[in-house]
Amino acid sequence: MKRKWVKLSSLVMVTALFLAACSGGNASEGSEEKVTASTSGKPQILRVSIGVNDQHPEYEGVEKFKELVESKTDDFEIELYHSGQLADDRSAIEMLQLGSLDITIPSTSPLVNFVKEFGVFDLPFTIPNEKVADELLDGKFGDKMLDMVEGQNLVALAWWENGFRNLTNDIRPVAKIEDVDGLKIRTMENEIHLDAWKALGANPTPMAFTELFTAMQQGTVDGQENPFPTIELSQYAEVQKHVSNTNHVYTPFIFLFSKTIWDKLTEEQQTILSEAAVEAGEFNRQRNREVADESLEKLKKSMSYTEVTPEEHKRFQKAVKPVIDKHADGIGAELVDEYLNAIEEIAGS
Ligand code: TK8
């Protein structure tokens, strides 16, 4: 029953595409004219797609976004779609580019397939804690990264939180690197994650998030890695026995808007939307942290929990260091330096 979204997803997808085709999408309407409530008389529908389910703090964030926008203007009606009903992260980004979806808030990791510079956030063990994450993303470096989606027919409005990622698997408790050996681990569709898990001795395979539960259930993969809220609220305990606090990478969520749609809005509308995206992001971040603690406590009851010691964390860190060196040039050596220096500066202050 819980998995009904997975089974329904293809039907819903077809329906969504059909509806998008029927409405013609805002993209194909007269390009000179601004599409606003004042011209059409009806609120413009903005569809938001996220991959996680409606129990997740990311969904609490989009509910907040909806509430904020709709309380400030009658111009928009925000429609929320969770559990990848409309699309997985990567396809949702493509739909934004086409103007057939308005908003998505994916992990930055699949975005690397469009803008390679986002790979900085995939470099393992670089962001040490949430305080550094906040200052980095809310500061100059974060702003610069938001601007990077320009040229991809996307507008990035805010940083939200997915959180520190942790390993689960169905084979054995993982306390040290050697325990990872040979585990079939699903990663996001991202070369840096693949290389990091290879460096740790795992047998990684990239896959969309929407396929993951079934893959674990059928044993196509032994494990996966995600922040505690996602692990707990996606009911992974049903198909995974062990969880460890590997904390290996902090990957943010990024609030993306279709530029095709965005460019047709008035400045006033854009301000309302972008302020709501930031404010809802702050709410999401705060809720995510509360939920992460609660989720860990619940996971300790439903799975076997293994603590990775600080010494062992250092060994993990050392083992994946060559992955950072290997990918620095591909991401942009200067940008990687800027990222690492910014972190050092914040962490040292
Ligand atoms: C949700 C995804 C997901 C991510 C993943 O759309 O794929 O593992 O962590 O939460 O962005």
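Every number for a ligand or one of its atoms is a count from 1 in the order of the listing.
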Discussion item. Which residue and atom name correspond to the protein heavy atom nearest atom 2 (C) of ligand 1, and how close is it?
Written reply: D89 OD2, 3.2 Å

Worksheet item: Does N162 approach ligand 1 within less than 4.0 angstrom via side chain, backbone, both or neither, non-hydrogen atoms only?
Response: side chain

Worksheet item: Parallel under 30°, tilted from 30 to 60°, perpendicular over 60°: which one fits the rings of F125 and F316?
Response: tilted

Worksheet item: Would you call D179 and R172 a salt bridge, taking side-chain N to carboxylate O under 4.0 Å as the test?
Response: no

Response to the item:
Ranked by distance from atom 4 (C) of ligand 1, the top protein heavy atom is S107 OG, 3.4 Å

Worksheet item: Do F255 and F65 have their ring centres less than 6.0 Å from each other?
Response: yes

Fill in: Which of the ligand 1 atoms, numbered from 1, are nearer than 4.0 Å to a heavy atom of G51
1 (C), 6 (O)

Item to complete: Establish, yes or no, whether a centroid distance under 6.0 Å links the rings of F141 and Y339.
Response: yes

Worksheet item: Nearest to atom 7 (O) of ligand 1, what protein heavy atom do you find, and at what distance?
Response: R186 NH2, 2.9 Å

Worksheet entry | Mutual orientation of the aromatic rings belonging to Y236 and F209 [parallel < 30°, tilted 30-60°, perpendicular > 60°] | tilted

Discussion item. Looking only at the aromatic ring of each residue, does the gap between the centers of W160 and F283 stay below 6.0 angstrom?
Written reply: no

Worksheet item: Taking only heavy atoms of F253, which atoms of ligand 1 are found under 4.0 Å from at least one of them?
Response: 11 (O)

Discussion item. Which residue and atom name correspond to the protein heavy atom nearest atom 9 (O) of ligand 1, and how close is it?
Written reply: N226 OD1, 2.6 Å

Worksheet item: Which bit of Q224 is near ligand 1, meaning a heavy atom under 4.0 Å away: side chain, backbone, both or neither?
Response: neither

